[in-house]
Amino acid sequence: TSSKRVKLLDIGTGEGNLLVEGFNREWDVTGIDIVDNRKVNAKDSEITFIKGKFLDMNFEEATYDIIYLDSVLEHVLDPKEYLLKAAKILKKGGIIYIG
C-alpha cells in the first residue's frame with residue numbers, strides 16, 4: 001500500500017535531482033523551495049512541489065521518513081528553527097540529511 005512507501009521531503013529542492021531519484025525508487029517525494037528551478041524531469045505531475053518558505057508551511061508531525069537539507073542552513077537566518085521543525089515532522093527512526 002502507499003502508506004508503506006518512503007516519504008521524502010527535500011527542503012531547498014534546487015534542480016530537483018533528489019526528487020527524480022526518489023520518484024524513480026517509487027518513493028512519495030515532496031520538494032520545497034523559494035524559487036522553482038527544477039529541471040523538466042523533476043516537474044512530473046506525481047512529484048509534489050511547494051513554492052515557498054519551509055518555516056511558513058504546515059505539516060503533520062511524524063510524517064516523513066527522510067528529510068533532506070543540502071546547502072540550505074547556511075542561507076537562512078534561523079537554522080535552529082529549521083532543525084526543530086524538521087525534527088517534529090520526522091517519523092520516529094527517520095533520517096535527516098544535512099549537507
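Taken to the nearest 0.5 Å, the CG atom of Leu18 stands 11.5 Å off from the CD1 atom of Ile11. Atom-to-atom distance recorded for Leu8:CG and Thr30:OG1 is 7.5 Å, nearest 0.5 angstrom. Distance check, rounded to the nearest 0.5 Å: OH of Tyr97 to CD1 of Ile66 gives 12.5 Å. Note that the CG atom of Asp33 and the CD1 atom of Ile50 stand 11.5 Å from one another [nearest 0.5 Å].
The neighbour count for Leu84 CG, taken as heavy atoms of other residues, nucleotides or ligands under 6.0 Å away, is above 12. Enclosure of atom NZ in Lys43 by more than 12 non-hydrogen atoms of other residues, nucleotides or ligands within 6.0 angstrom is indicated.
The shortest heavy-atom contact between Ala86 and Ile96 is CB-CD1, 4.0 Å. Across Leu9 and Ile89, no two heavy atoms sit closer than the pair CD2-CD1, 3.7 Å. Considering every non-hydrogen atom in both Gly12 and Val72, the closest pair reads CA-CG2, 3.9 Å. In plain terms, the two heavy atoms of Phe23 and Glu46 that are nearest each other are CE1-CB, 3.6 Å. Scanning all heavy atoms of the two residues, the minimum distance from Gly16 to Ala42 falls at O-CB, 3.7 Å.
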inquiry  = Checking Leu19 against Asp44 for the side chain to side chain contact (heavy atoms under 4.5 Å, CB included) test, could you report, in this order, the C-alpha distance in whole Å, the side-chain angles of both residues, the deciding distance, and whether it holds?
reply    = CA-CA 10 Å; Leu19 297 178; Asp44 187 285; over 6 Å; no
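Shown here are the ring-ring contact (aromatic ring centres under 6.0 Å, His included) partners of Phe49, two or more places apart in sequence or in another chain: there are none. Under the rule for a side-chain hydrogen bond (donor to acceptor under 3.5 Å, both in side chains), the partners of Asp36 that lie at least two apart in sequence or sit in another chain are Arg38.
A side chain to side chain donor-acceptor pair (under 3.5 Å) check over residues 10-25, counting only residues at least two apart or in different chains, returns the pairs Asn17-Lys39, Glu21-Arg25. Note on residues 72-87: no pairs pass salt bridge (Lys or Arg N to Asp or Glu O under 4.0 Å), not counting sequence neighbours. Counting only residues at least two apart or on different chains, the salt bridge (Lys or Arg N to Asp or Glu O under 4.0 Å) pairs with a member in residues 59-69 are Asp65-Lys91.
Placement of Val29 and Val20 in two distinct hydrophobic clusters is found when ILVMFWY residues are connected by side-chain heavy-atom separations under 4.5 Å, directly or transitively. Taken together through direct or relayed side-chain contacts under 4.5 Å among Ile, Leu, Val, Met, Phe, Trp and Tyr, Ile98 and Tyr68 form parts of separate hydrophobic clusters. One hydrophobic cluster, built from ILVMFWY side chains closer than 4.5 Å, holds both Leu55 and Leu90.
The hydrophobic cluster around Ile95 extends to none of the other residues, as no ILVMFWY side-chain heavy atom falls under 4.5 Å of it.
Relative ring orientation between Tyr64 and Phe59 is described as perpendicular, the plane-to-plane angle rising above 60° on a 0-90° scale split at 30° and 60°.
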